[in-house]
Amino acid sequence: MTMTTSRVRTRSALRWLLAVLATSSLCASVYAASPHAEVVAGRAAVPANTDVGQPASPSEASTAYPMPSSSASPAQQSTNTGAAVTRLPQVVVTGAKAMDPRWQSIELRRHGAIGKNVAVTFGLPFPPGMLRDAAQVHIVDEHGNALPVHVEPTLNWHFKDGSIRAVRVQLHTELDGDSRTLRFTLGPPDSTTKADGWPYVDGLVVNSDGVRVPGVLALLSPEWMSASLIAGPQQPAASPGPYDHFFATQFKWAEPLPRTEGPSWLFDRTSTLFQQYVRTGREEYLAAASESYRYYMEHLRRVGAPGWPLCGGGWSVGEVNVCDPKYVYVEPILLALGLTGDDSEHDDALIQRMIGSWDTGGWNFPAGPYAKPEQRFTEREAGLGLLATVSAYEITGDKSYLKRIDNRLGWLYQHQQHNPDGLGNDGSWRNSWQMHEGDTYDPATDVRGSSPWMTENIIDGLWHAWLVTADPRIPTMVTGFGRYLEHYGWVDLKTITDKEKDWRNPCSGPNGQITWYWSSAHASNKQLIDIENSEGWYSDAHDVEMTLPVAAARYFETDPAQQHALDQRLSWLTSSYSLDCADNAKTPRRFNWNNHGVGVVQWFMQQFAHEGH
């Protein structure tokens, strides 16, 4: 059953315009767009009705779109891993000459600091190619006066041009009430406004949960944060849509810090909150993300070798065992550095231990290729482990992590394309139901298949790996799974009777979609129904995150018929944003599994809208 804690315990690029500041006109290499792009360079034009000095809103921002090629679809391409795979080029977009100055605001909010004179620390992210010298960053007050400030780099675009990805900004300023608006600008270095910095922890206060948090929060605009790509391509929620209302409704019950409920952190609560803050700029999301980050990092094991029995790099709260790697997340470190400037909770040695937790498998088997049908495999661990490794490389630039990414991509590609069970490539990462559930393997009674909703974790990991590597194996894997989903992943609603009424929550409505709890291209309907009746109660609770594999497949898909099918599926999945469903707080970790990594779906849909779909 998807909704029980005991089950968890026991079952072991971018095509959107990047504008630049008024002081800089540059050509920025951005995330890889469609893998079939043949147009590798384009100029982004300013809309005809827009003055260069007053750019359009993000939704109107001009975009250079690559043209889809007429090459064979992924299903027709060779899947022989010994054959050469053509690496497709990055897309180069030329930015406009100005960025809307409203995007450069910094909204200070008192968050426990006492007194008029306060110390402020925050992170400020930048897109590739925009900033190469941190001394060019200046903070100005309401009157345009430059303030004394300390600025230093925290992240670099290791996989782009080496430019600065984020800086930590520190300043002492006056806060008469509970808020104040400042701005940041770029310009020549000015030694007269240079100030000394201080340890991040010196600006923290103890909140009502006993957690040390920033005494002042600094809110950036969602337009700037989205354009910076700190969380990958995102569509800023200038006007909240159905998904944003869904998230806000869930947040009402998910906001309190889970201090003792370890499973409530599964699927990365911290990154979930940071990602939605990037899209919305909402104070309450940044506050919850900052608190969650500090609390999460406090419970990592910082000593001992990774893996059993010491499990260095592992995490534990409440009933969660420190040797269980599925609770180890590196992405929060990346987002905290970029958005809060918090460098106090990690170092390279800790990240090595955390990745070591994934490599050794903790109390499980070490990570490696799927080599035989009876091998234990879970889509969740494969996806979360890949994402953690990608984040480690983004933070450190250590090429050993890049090699680990390549290894994990190779394992997934070989598993999907050449499954050792000899049943061929159906697009899934087919594995043993019995081993997946921790039971005894019996080939005579086993059900070969995969979990659609757990596979969402693989797609999330693949998407992030694509943004960093543009590896040509990734589009093939993503579109392959998208096609599998359409053929084998969804329950035919016409077959549901009163006997299956508990497969779906009433709040989803009569057209609410349902993925099979365990799907298969080879099992009988009876086998799938028996598993669904036994374990898949209210499987529609996973519909929100299922928008990600559908949208990602649609993004890479070139076949018109498949595109249409995926567009239709996304349309049907809109019922998953029901606020009545969002009110269901029965399983706290649902907030994470529904929302982690899913905000990008709004960006995907914006790309499809530009195509006229």
Side-chain angles (χ1 to χ4, degrees), residues 1-12 263 265-268 272 324-329 358 361 364-365 367 370 375-388 408 411-412 415-416 419 426-439 447-464 477-478 480-482 484-485 488-491 503 513-521 523 528 531-532 534-553 573 576 587 589-598:
M1 179 177 175
T2 63
M3 308 295 282
T4 62
T5 300
S6 59
R7 173 65 64 184
V8 173
R9 292 202 306 265
T10 58
R11 290 174 181 168
S12 336
W265 295 83
L266 186 58
F267 304 108
D268 195 353
T272 298
D324 190 347
K326 65 176 178 283
Y327 287 91
V328 177
Y329 313 121
W358 281 108
N364 299 317
F365 294 101
Y370 186 72
Q375 183 172 326
R376 179 187 177 275
F377 177 85
T378 73
E379 303 84 354
R380 175 176 55 202
E381 290 177 10
L384 293 176
L386 174 59
L387 178 57
R408 286 182 175 273
W411 302 336
L412 287 169
H415 184 169
Q416 184 194 55
N419 196 304
D426 58 24
S428 71
W429 286 272
R430 192 172 55 249
N431 62 100
S432 162
W433 163 252
Q434 293 166 340
M435 298 303 293
H436 192 279
E437 301 302 292
D439 298 330
V447 181
R448 302 292 298 174
S450 65
S451 166
W453 73 268
M454 278 198 185
T455 303
E456 181 267 346
N457 292 284
I458 292 181
I459 301 302
D460 189 25
L462 289 175
W463 173 246
H464 283 267
M477 288 189 276
V478 173
F481 183 67
Y484 170 85
L485 271 182
Y488 308 109
W490 302 97
V491 174
W503 291 8
Q513 302 295 289
I514 313 173
T515 58
W516 289 105
Y517 185 77
W518 188 253
S519 63
S520 177
L528 297 180
I531 292 174
E532 192 75 21
S534 173
E535 309 293 341
W537 310 335
Y538 308 116
S539 290
D540 61 324
H542 294 287
D543 281 358
V544 174
E545 70 264 30
M546 288 306 297
T547 59
L548 177 59
V550 174
L573 283 170
S576 67
T587 309
R589 67 183 176 277
R590 179 180 177 176
F591 175 71
N592 309 333
W593 84 47
N594 273 169
N595 299 295
H596 179 254
V598 174

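Since the model is a prediction, treat every value here as computed from it, not as a measurement.
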Can you list the steps and then say if Arg380 with Ile458 is a side-chain contact (heavy atoms from CB on, under 4.5 Å)? CA-CA 7 Å; Arg380 175 176 55 202; Ile458 292 181; over 6 Å; no

Which pair of heavy atoms, one from [X] and one from [Y], lies closest together, and at what distance?
X	Y	value
Ala382	Leu412	CB-CD2, 4.2 Å
Ile459	Ala552	CG2-CB, 3.9 Å
Val328	Ala388	O-CB, 4.4 Å
Ala521	Asp426	CB-OD2, 3.6 Å
Thr272	His596	OG1-CB, 3.2 Å
His436	Ser451	NE2-CB, 4.3 Å

Roughly how far apart are [X] [atom1] and [Y] [atom2], rounded to 0.5 Å?
X	Y	atom1	atom2	answer
Ser520	Arg448	OG	CZ	9.0 Å
Lys326	Leu266	NZ	CG	6.5 Å
Asp268	Leu384	CG	CG	8.5 Å
Asn592	Trp265	CG	CH2	9.0 Å
Asn594	Asp543	CG	CG	9.0 Å
Thr515	Met546	OG1	CE	5.0 Å

Quick check: does any side chain N or O of [X] sit under 3.5 Å from a backbone N or O of [Y], one acting as donor and the other as acceptor?
X	Y	value
Thr587	Arg589	no
Asp460	Glu456	no
Tyr329	Phe267	yes
Trp516	Pro452	no

Classify the side-chain pair [X]/[Y] by whether it contains a donor and acceptor separated by less than 3.5 Å.
X	Y	result
Asn457	Glu379	no
Ser539	Glu532	yes
Gln375	Asn431	no

Check against side-chain contact (heavy atoms from CB on, under 4.5 Å), Trp358 and Arg408: CA-CA 11 Å; Trp358 281 108; Arg408 286 182 175 273; 3.8 Å; yes

Taking the ring of Trp518 and the ring of Trp453, is the distance between their centroids below 6.0 Å? no

With ring centroids as reference points, do Phe377 and His415 lie under 6.0 angstrom apart? yes

Among Trp537, Trp593, Tyr517, ring-ring contact (aromatic ring centres under 6.0 Å, His included) partner for His542: Trp593

Check whether any side-chain heavy atom of Asp540 lies under 4.5 Å from a side-chain heavy atom of Ser576, and answer yes or no. no

Answer whether the closest heavy-atom distance between the side chains of Thr455 and Trp429 falls below 4.5 Å. yes

Test side-chain contact (heavy atoms from CB on, under 4.5 Å) applied to Gln416 and Tyr370, step by step: CA-CA 10 Å; Gln416 184 194 55; Tyr370 186 72; over 6 Å; no

side-chain contact (heavy atoms from CB on, under 4.5 Å) between Val550 and Leu485, worked out: CA-CA 8 Å; Val550 174; Leu485 271 182; 4.3 Å; yes

According to the interplanar angle, ranging from 0 to 90°, do the rings of Tyr484 and Tyr488 count as parallel (below 30°), tilted (30 to 60°) or perpendicular (above 60°)? tilted

